[in-house]
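Heads up: the structure comes next, in structure tokens.
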Amino acid sequence: MFLFTMSKIWYHLLNSHSLMHSCYLVCLLTSKQSNALKRKLQSPHGNPPLKRKPPVNAFKKCATETNIREKGSLSQKSLPKKQLTDNRNESQKSKPFIKTSSLFRNNPDIPKIHRKAVQQIQESIFTADSFSQLDLHPHLISTITTVLKICSMTNVQKETIPVLLQGKDALVRSQTGSGKTLAYGIPLVQSLQGMKTKIKRSDGPYALILVPTRELAIQSFDTIQKLLKPFTWIVPGVLMGGEKRKSEKARLRKGINILISTPGRLVDHIKSTECIHFRRTQWLIIDEADRILDLGFEKDVTVILNALNAEKETRQNVLLSATLTEGVTRLADISLNDPIRISIADENQKSLKPALQADKEASSPSSCMDQENFAVPEKLKQYVMMVPGKLRLVTLAAFILEKCKFEKRHKMIIFFSSCEQVEFHYDLLLNVLSGGLESEQPKHSSVSSVHLEFLRLHGNMEQEERTEVFQEFLKSKTGILLCTDVAARGLDLPQVTWIVQYNAPASPAEYIHRIGRTARIGCHGNSLLVLAPSEAEYVSLLASHKINVSEIKMEKVLSSLMKDDRFKLPRPRSKKSCGTDPQEVRERATVLQTKFENYVHSSEVTVRWAKKGLTFSRRPTANIALLRSCDLNIPVGWTLVYPRSRRGRKNRGNLATSRFQHKPGPSTHLLQNLLERLSRGSG
Ligand SMILES: Nc1ncnc2c1ncn2[C@@H]1O[C@H](COP(=O)(O)OP(=O)(O)OP(=O)(O)O)[C@@H](O)[C@H]1O
């Protein structure tokens with residue numbers, strides 16, 4: 001009964017057409033057969049090892065484990081002997097029950113995309129002006145040219161640096177990858193190095209830079225550190241979650257003059273570290289300001305502002321993002337003082353506006369112009385692909401193979417909507433696609449021996465591993481990074497050529513940030529958004545924000561499988577495979593799907609991972625995207641659940657998601673029920 005049920009789950013889970021039903025199936029299982037099933041699923045490992053720490057190059061090791069796993073003895077080296085035998089028996093018994101989903105039957109029709117042709121907003125990035133035109137310290141200029149190897153200013157730098165050098169507050173918006181870090185970093189360093197009384201380390205923070213994620217904190221620290229090369233007496237430092245508080249306290253005690261931090265960790269220190277103070281803090285910079293609100297950090301930002309104000313009232317404040325959404329206006333109100341608003345896309349308008357004028361505009365509908373129409377990098381090609389639920393996995397795999405194996409030289413980031421999804425897909429793709437099956441390759445295979453390198457990054461990983469992965473992907477020229485939105489903001493990962501969004505993002509602003517990880521600073525790049533047929537409306541939603549996407553046909557992507565003979569169905573000799581015969585493409589897709597299913601069924605651990613990765617998780621943000629991927633005729637913007645911060649606080653600041661309209665559809669009662677449970681955190 002258990003085995004039969006498991007194969008049923010698989011069938012349902014992969015059939016996103018009925019993903020909602022599968023979730024109910026899972027719920028049903030957990031309630032009706034909970035005891036028996038729970039006992040069976042209880043692994044000695046506990047939960048899927050999200051917080052494990054394999055070497056970064058784990059793919060190599062894992063790839064070789066594939067053969068072992070396929071024989072039914074998955075990573076059980078550490079299991080007690082009896083358990084090991086039991087598990088092997090389980091997996092052997094389960095094989096006859098595995099049914100490959102009929103991938104190409106009963107799928108919803110793929111609707112024609114009704115796309116309004118829109119004129120995308122584009123910003124020119126570079127100016128012909130050099131940094132030497134600014135009144136900067138000569139050592140700072142030479143650092144910019146020799147260490148950073150930068151000659152001319154970008155538009156946002158040209159507009160922002162003089163404003164900040166005058167000591168004014170600013171609200172800065174310019175497209176992703178346009179050089180905002182230096183736009184605030186250069187004037188900050190210029191002003192601190194030129195202070196009448198030379199800064200001493202023990203003075204404590206003169207500047208505070210708040211960023212939403214740990215990786216961005218590390219990256220911003222790195223840039224500031226480079227700028228400070230000639231000014232060694234100014235000490236930068238990072239505080240972020242995941243690091244040891246004790247060592248951070250020690251560094252604070254020694255003194256940090258430019259403090260880069262994630263909001264949560266800074267609040268921890270404000271509450272518990274005696275030596276932290278802001279007596280001399282003259283700068284507050286909030287990078288990715290809208291994201292900081294999205295993550296529910298608004299309360300933290302208030303605590304930080306109060307702490308700053310309590311010790312020193314006057315300060316220069318800067319808010320920056322590629323998408324300054326409505327919520328930021330509120331943050332600007334409480335943190336900025338008579339700010340200059342700099343919006344680079346506003347070429348037809350005056351780009352520098354006095355705050356008074358900007359405020360007036362903010363209350364008029366036309367203010368939405370620069371708030372809601374987002375600039376897209378000029379050399380970025382954006383694509384969308386409609387894929388019925390059952391075919392999503394094989395199509396994603398075919399796309400990865402095409403780009404990273406057959407075309408080679410691609411560096412790809414794939415966004416998923418939850419940590420569990422990242423873990424599950426990482427394990428699955430690594431084991432099924434990444435060389436694990438090389439032994440099955442026919443001798444004269446058309447497949448090259450290119451090895452696929454998978455990495456993953458999400459918030460449930462240990463900080464040490466997160467940093468290692470980030471650094472490895474940063475330096476590599478190729479590879480595939482599977483991640484959550486933890487990598488969507490601000491990260492400057494060179495040479496990324498493809499961004500894939502396997503789940504639609506929670507808002508158009510998030511779409512912009514995700515695709516902004518490629519085509520940076522004038523480079524070329526591509527992005528692919530994978531949608532379910534029921535999500536076709538998402539294309540119009542993007543168009544309403546002046547974002548154009550072209551369609552890639554799923555069939556074309558699947559035909560890449562013809563290049564990989566590992567997925568060839570054994571045929572009678574007379575019948576040769578010919579070109580892109582649709583029937584053979586389908587067969588190969590089914591073979592690949594079967595390999596995925598076999599892998600998942602190879603042990604109870606993998607089954608459990610699959611359940612975790614494919615069913616609703618407790619994270620409302622993940623659930624939003626999963627709900628969208630169900631084929632339930634849910635209008636796209638059906639996002640009434642407020643994301644919660646990691647500490648479980650309700651995020652009232654996320655206007656981006658609450659703005660969507662709720663239009664009840666046929667399955668509204670089911671969804672309502674689920675959403676209510678999710679928003680109560682009982683997911
Ligand atoms: N003037 C310049 N000339 C050439 N390259 C530059 C210049 N200024 C910055 N860069 C480079 O451009 C890249 C992107 O810069 P940065 O990360 O600051 O962009 P951003 O606007 O903050 O992007 P996002 O909105 O995604 O955070 C970095 O690699 C940076 O070194």
Side-chain angles (χ1 to χ4, degrees), residues 123-134 136 140-141 143-161 164 170-189 209-213 215-227 260 285-292 294 318-325 328 342-345 374-380 413 415 470 473-475 485-496 499 509-525 527:
E123 306 171 1
S124 63
I125 294 189
F126 289 106
T127 68
D129 303 321
S130 84
F131 288 95
S132 52
Q133 293 174 359
L134 300 170
L136 300 175
L140 183 52
I141 295 179
T143 304
I144 294 168
T145 48
T146 58
V147 179
L148 297 175
K149 303 200 173 4
I150 287 172
C151 314
S152 54
M153 285 186 274
T154 62
N155 263 308
V156 68
Q157 290 160 357
K158 188 183 169 189
E159 301 289 358
T160 310
I161 296 172
L164 297 185
L171 185 58
V172 183
R173 198 219 54 75
S174 79
Q175 71 178 35
T176 49
S178 58
K180 291 187 285 295
T181 315
L182 290 181
Y184 72 76
I186 291 171
L188 171 65
V189 171
I209 301 171
L210 287 181
V211 294
T213 64
E215 285 71 24
L216 187 52
I218 296 168
Q219 186 181 290
S220 310
F221 170 76
D222 193 49
T223 306
I224 297 292
Q225 202 174 31
K226 283 181 182 153
L227 287 175
I260 299 145
I285 294 153
I286 306 186
D287 199 4
E288 306 293 347
D290 53 333
R291 183 59 174 164
I292 283 184
D294 281 354
V318 190
L319 298 188
L320 307 104
S321 180
T323 53
L324 289 177
T325 45
V328 178
I342 298 165
S343 182
I344 300 304
F374 306 117
V376 176
E378 195 185 344
K379 292 182 184 159
L380 173 64
I413 301 181
F415 284 99
F470 173 57
F473 194 67
L474 189 75
K475 286 175 201 147
D485 275 336
V486 79
R489 293 279 184 148
L491 296 193
D492 188 46
L493 299 159
Q495 296 172 317
V496 173
I499 301 295
E510 280 323 297
Y511 174 89
I512 288 291
H513 286 279
R514 283 174 168 192
I515 61 171
R517 296 318 100 208
T518 185
R520 294 174 74 72
I521 206 87
C523 292
H524 286 272
S527 69

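Note that ligands are numbered from 1 as they come in the structure, with each ligand's atoms numbered from 1 the same way.
- For ligand 1, the atoms sitting less than 4.0 Å from at least one non-hydrogen atom of Ser178 are 19 (O), 20 (P), 21 (O), numbered in the order shown with element in parentheses.
- At a heavy-atom cutoff of 4.0 Å, ligand 1 is contacted by the side chain of Gln157 but not by its backbone.
- For the pairing with Gln157, the side-chain contact (heavy atoms from CB on, under 4.5 Å) check across Thr127, Leu182, Ile186 returns one residue only, Leu182.
- Under the 4.5 Å side-chain criterion, counting only non-hydrogen atoms from C-beta, Val376 is not in contact with Gln175.
- Applying side-chain contact (heavy atoms from CB on, under 4.5 Å) to Ile344 and the options Thr154, Val156, Thr160, Val172 leaves one that passes, Val156.
- For atom 4 (C) of ligand 1, the nearest non-hydrogen atom of the protein is Phe126 CE2, 3.7 Å.
- Less than 4.0 angstrom separates some heavy atom of Arg517 from each of these atoms of ligand 1: 26 (O).
- No heavy atom of His513 sits closer than 4.0 Å to any atom of ligand 1.
- Counting only distance, with no hydrogens or angles, the side chain of Glu215 and the backbone of Leu491 share no donor-acceptor pair below 3.5 Å.
- Each of the atoms 21 (O) of ligand 1 lies under 4.0 Å from some heavy atom of Gln175.
- Which of Leu148, Ile150, Asp287, Asn155 comes nearest to atom 2 (C) of ligand 1 through a heavy atom is settled by distance: it is Ile150.
- Taking a cut-off of under 4.0 Å to the non-hydrogen atoms of Leu182, the atoms of ligand 1 that pass are 8 (N), 9 (C).
- At least one side-chain heavy atom of Arg489 sits under 4.5 Å from a side-chain heavy atom of Asp290.
- Counting protein heavy atoms only, atom 21 (O) of ligand 1 is closest to Lys180 NZ, 2.8 Å.
- At a heavy-atom distance under 4.0 Å, only side-chain atoms of Ile521, from C-beta outward, approach ligand 1.
- When every heavy atom of Ile342 is checked against every heavy atom of Ala170, the shortest pair comes out as CD1-CB, 4.5 Å.
- If you look at Thr181 next to ligand 1, the close heavy atoms, those under 4.0 Å, come from the backbone and the side chain alike.
- The distance from ligand 1 to the heavy atoms of Gly490 drops below 4.0 Å at these ligand atoms: 26 (O), 27 (O).
- At least one heavy atom of Glu288 sits less than 4.0 Å from an atom of ligand 1.
- In this structure, of Gly179, Ser152, Ala488, the residue bringing a heavy atom nearest to atom 1 (N) of ligand 1 is Ser152.
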Would you please test Ser321 and His513 for side chain to side chain contact (heavy atoms under 4.5 Å, CB included) and show each step? CA-CA 9 Å; Ser321 180; His513 286 279; 3.7 Å; yes
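- Summary of contacts: the protein heavy atom closest to atom 29 (O) of ligand 1 is Asp492 OD2, 2.4 Å.
- Distances from atom 24 (P) of ligand 1 to the heavy atoms of Gly177, Pro494, Ala183 show the closest one on Gly177.
- Ser178 places no side-chain N or O within donor-acceptor distance of the main-chain N or O of Ile125, the cut-off being under 3.5 Å.
- Using a 4.5 Å heavy-atom cutoff, the side chains of Leu493 and Phe473 are in contact.
- Checked for salt-bridge contact, Asp287 and Lys180 miss the test: no charged N lies under 4.0 Å from a carboxylate O.
- Set against the non-hydrogen atoms of Thr154, the atoms of ligand 1 under 4.0 Å away are 1 (N), 2 (C), 7 (C).
- Here the heavy atom of the protein found nearest to atom 17 (O) of ligand 1 is Arg520 NH2, 3.0 Å.
- At distances below 3.5 Å, at least one donor-acceptor pair connects side-chain atoms of Arg517 with backbone N or O atoms of Ala488.
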